[in-house]
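Below: one structure, written as structure tokens.
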Amino acid sequence: MSTFEKNIHYLKEALFAKLNSDTTLRTSLGGTERIFHRDPPKEPIYPCIVYAVINDRDNVYNETTAGGEITRSNIRLTIFNNNSKTEISDNIEARIKNLLHGQRTLDTVKIICYSCYRDTLLEPIKDPNLQVWVTPIRYRTTWATK
């Protein structure tokens, strides 16, 4: 693109496509339709993953051409698991890290992913209301539109 035209939806699409297209992750989740943007359905089937862009900041960046633009975004992924042990959540988190952690992991025809790395992982917490384990993870990504 000759002019900077950022659309945060491109990042959300790339994230969903990366997670949803991985057979190993889908098997760990127990099937399809277990990855949701922002909110799971009223009665989700566990385990499941919820993702959201929690903040986004534009910066000028010049990799190959003058005036290129780069964006830094923080993404939150939350694993929900109703199994009595956290081992399932731990395995799902390990697979997510394998898919996302590194350079160019979210490249698509619309965006370039310069880096994506796990910033924070918290130990699973038992939600007393839902009676599920909740594992929050934060990733930082640096990306630009093509």
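Count residues from 1 along the sequence.
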Between the main-chain N or O of [Y] and the side-chain N or O of [X], is there a donor-acceptor pair closer than 3.5 Å?
X	Y	result
Arg57	Thr71	no
Lys146	Thr108	yes
Thr141	Ser115	yes
Lys110	Thr145	no

Nearest-0.5 Å distance, [atom1] of residue [X] to [atom2] of residue [Y]:
X	Y	atom1	atom2	result
Arg34	Asn20	CZ	CG	12.0 Å
Asn55	Asn74	CG	CG	4.0 Å
Glu93	Thr135	CD	OG1	8.0 Å
Asn91	Ile96	CG	CD1	11.0 Å
Glu13	Ile111	CD	CD1	9.0 Å
Thr105	Tyr117	OG1	OH	12.5 Å

Do the non-hydrogen side-chain atoms of [X] and [Y] ever get within less than 4.5 Å of each other?
X	Y	result
Arg140	Arg118	no
Ile54	Ile75	no
Ser73	Ile8	yes
Trp143	Ile70	no
Asp127	Trp133	no
Tyr46	Val132	yes

Show the nearest heavy-atom pair for residues [X] and [Y], with the distance to one decimal.
X	Y	result
Pro47	Ile88	CG-CG2, 4.1 Å
Pro44	Cys48	CB-SG, 4.3 Å
Leu106	Ala14	O-CB, 3.6 Å
Leu99	Lys18	O-CE, 3.2 Å

When you look at CD1 of Ile45, are more than 12 heavy atoms from neighbouring residues, nucleotides or ligands closer to it than 6.0 Å?
no

Would one find more than 12 heavy atoms of other residues, nucleotides or ligands at under 6.0 Å from atom CZ of Arg76?
no

With Ile49, which of Leu25, Asn81, Thr78 fulfils side chain to side chain contact (heavy atoms under 4.5 Å, CB included)?
Leu25

Go through Ile137 and Thr120 one step at a time and tell me if the side-chain contact (heavy atoms from CB on, under 4.5 Å) criterion holds.
CA-CA 6 Å; Ile137 314 161; Thr120 308; over 6 Å; no

Hey, any chance Leu29 and Phe36 share a hydrophobic cluster, counting ILVMFWY side chains that come within less than 4.5 Å of each other, even indirectly?
no

Validation row, ring centre His37 to ring centre Phe16 under 6.0 Å
no

Stepwise side-chain contact (heavy atoms from CB on, under 4.5 Å) check, Lys12 with Arg38:
CA-CA 11 Å; Lys12 294 174 192 175; Arg38 286 199 210 148; 4.2 Å; yes

Contacts satisfying ring pair (Phe, Tyr, Trp, His ring centres under 6.0 Å) that involve residues 76-113 (not counting sequence neighbours) are none

Can you check side-chain contact (heavy atoms from CB on, under 4.5 Å) on Leu15 and Leu100, steps first, answer last?
CA-CA 9 Å; Leu15 180 62; Leu100 298 181; 3.8 Å; yes

Verdict with reasoning, Leu19 to Leu77, per side-chain contact (heavy atoms from CB on, under 4.5 Å):
CA-CA 11 Å; Leu19 297 174; Leu77 293 114; 3.6 Å; yes

